[in-house]
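From a predicted model like this one, the values you see are computed outputs, not experimental measurements.
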Amino acid sequence: MRLSSRAATLLAVTAALPLALTACSSGSTDASAPSAKRTAAKDPNAGLRTGTQLKKLLAPASAFPAGYAVEGDNTADSGAQLLTPSARKTAKPDCTKLEGTSWIQVTGYEDSSAFAQNDYVNAQKTAEIAQEIDEFPVAQGKAVMKQLTAVAAECATYTDTSERTKVKVTGKATTGLGDEAYTMTQTSGKWQNGTTLIAARSGGSVVTVLSTAGTDNGAASAKKLTTTLLAGLKK
């Protein structure tokens, strides 16, 4: 399984924050200045969690099977400031993104308002369980989930990048997880075990999980981790 952490692509923010300039004049007002009521615009990021906050909501080591350890190189978050979410790229999806972590980007939504992720692997590095939480304005979160259905259809089969073998993808809506959820299962005749991908939305938060653990294509461990993450978002 290819690891594709957003830690490798997260750009460092080096621009200085603009200075807040204020002026105070005793007993005078500027009649020409527009009122705060007229100029106030609704903040699309109001109420969203930052990457720093989301990091604390990732499931702890105790939530993973015995023998699994966090993969440091695949741990990342967007920090204390909210980002500007990007518009969806409408090009044909790169189905190989389904091979690795941060697979939510296969939907074309590559930049959320905030994110946090990490990845746990077994001692032999033959199985992994990855978790990520992305924050979006609610409408965009719904759009991400809707796009997953299209991705499952467009990526019904693709060729993986490591073994150059055909991968079959099946997807279905999943009940009982958050406001809505979608599950994809990947299998290949050359793989010892398949992969389960679950995306679940709670408000504007989209949880994405990947698992190859166990002998059931990672299904049970993926659902258990998704349930744990959604419970943490409700606290």
Side-chain angles (χ1 to χ4, degrees), residues 1-13 44-45 48 51 54 73-74 76-79 82-117 119 128 130-174 178-188 190-191 194-201 203-212 222 226:
M1 181 63 59
R2 174 173 56 87
L3 303 182
S4 57
S5 171
R6 287 165 74 172
T9 58
L10 185 64
L11 297 177
V13 179
N45 287 331
L48 298 186
L54 293 176
D73 291 342
N74 217 38
D77 67 80
S78 56
L82 291 171
L83 310 175
T84 301
S86 60
R88 185 177 77 86
K89 293 184 178 180
T90 58
K92 183 178 179 180
D94 178 3
C95 299
T96 61
K97 289 184 181 292
L98 295 174
E99 295 179 54
T101 59
S102 288
W103 57 270
I104 189 175
Q105 296 184 42
V106 75
T107 62
Y109 291 96
E110 296 189 352
D111 296 303
S112 53
S113 297
F115 79 92
Q117 69 171 95
D119 181 43
E128 67 176 331
Q131 59 179 338
E132 181 171 338
I133 309 173
D134 284 85
E135 284 283 290
F136 296 96
V138 174
Q140 193 168 10
K142 291 179 178 179
V144 170
M145 296 298 299
K146 182 178 180 180
Q147 189 61 24
L148 284 172
T149 304
V151 166
E154 292 184 83
C155 296
T157 59
Y158 71 92
T159 301
D160 76 356
T161 57
S162 56
E163 299 181 31
R164 306 304 301 171
T165 186
K166 182 175 287 188
V167 178
K168 180 181 179 181
V169 179
T170 58
K172 63 179 181 179
T174 306
D179 296 324
E180 58 179 321
Y182 197 80
T183 299
M184 288 187 278
T185 304
Q186 301 184 92
T187 55
S188 172
K190 291 187 178 181
W191 292 355
T195 305
T196 294
L197 309 173
I198 299 179
R201 181 180 65 82
S205 303
V206 178
V207 166
T208 46
V209 165
L210 173 154
S211 179
T212 65
T226 303

Over all heavy atoms of both residues, which pair between G141 and F136 is shortest? Give the atoms and the distance, please. N-CB, 3.7 Å
Could you tell me the separation between the OG1 atom of T165 and the CG atom of D160, rounded to the nearest 0.5 Å? 6.0 Å
Residues in side-chain hydrogen bond (donor to acceptor under 3.5 Å, both in side chains) with K89, at least two apart? E110
Would you sort out whether Q131 and T226 count as a side-chain contact (heavy atoms from CB on, under 4.5 Å), showing the intermediate values? CA-CA 8 Å; Q131 59 179 338; T226 303; over 6 Å; no
Would you say the side chain of Q147 lies within less than 4.5 Å of the side chain of R88, judging by non-hydrogen atoms? yes
Quick one: CD on E132 to OG1 on T208, what's the gap to the nearest 0.5 Å? 4.5 Å
Give a yes or no on whether the backbone of P85 and the side-chain of D111 come within a donor-acceptor separation of less than 3.5 Å. no
Check Y182 against A152 and note the closest heavy-atom contact, atom names and distance. OH-CB, 3.4 Å
Atom of A199, atom of W103 and distance for their closest heavy-atom approach: CB-CH2, 3.8 Å
Write down the atom of P93, the atom of E154, and the distance for their closest heavy-atom approach. CD-OE1, 3.4 Å
OG (S102) and CG (N74) are apart, to the nearest 0.5 Å, by 7.0 Å
Backbone N or O of F115 within a donor-acceptor pair of the D77 side chain at under 3.5 Å? no
Strictly below 4.0 Å, N to O, side chains only: are E180 and R201 in salt-bridge contact? yes
Dump the intermediate steps for side-chain contact (heavy atoms from CB on, under 4.5 Å) on L148 and T107, then the final yes or no. CA-CA 6 Å; L148 284 172; T107 62; 3.5 Å; yes
As a test of understanding, state which of V207, V206, L197 forms a side chain to side chain contact (heavy atoms under 4.5 Å, CB included) with I104. V206
Holding to side-chain hydrogen bond (donor to acceptor under 3.5 Å, both in side chains), I want the full list of residues that pass it with T185, two or more places apart in sequence or in another chain. none
Sorted by chain and number, sequence neighbours left out, side-chain contact (heavy atoms from CB on, under 4.5 Å) with C95 holds for C155, Y158
Could you walk me through whether M184 and T170 pass the side-chain contact (heavy atoms from CB on, under 4.5 Å) test, one step at a time? CA-CA 5 Å; M184 288 187 278; T170 58; over 6 Å; no
Taking all atoms of both residues into account, what is the closest heavy-atom pair of L54 and E135, and its distance? CD1-CG, 3.6 Å
Taken in chain and number order and not counting sequence neighbours, the residues that satisfy side-chain contact (heavy atoms from CB on, under 4.5 Å) with A130 are T101, D119, L210
Exam field: side chain T96 to backbone T161, donor-acceptor pair closer than 3.5 Å: no
Does the E128 side chain pair with the main chain of G100, one donor and one acceptor, at a distance under 3.5 Å? no
For A181, side-chain contact (heavy atoms from CB on, under 4.5 Å) partners two or more places apart: T174, L177, A200
What heavy-atom pair brings W191 and V167 nearest, and what distance separates the two atoms? CZ2-CG2, 3.6 Å
Test of understanding: with side-chain hydrogen bond (donor to acceptor under 3.5 Å, both in side chains), list the residues that count as partners of Y109, not counting sequence neighbours. none
Would K166 and S188 satisfy side-chain contact (heavy atoms from CB on, under 4.5 Å), going step by step from the backbone distance to the final call? CA-CA 6 Å; K166 182 175 287 188; S188 172; 5.9 Å; no
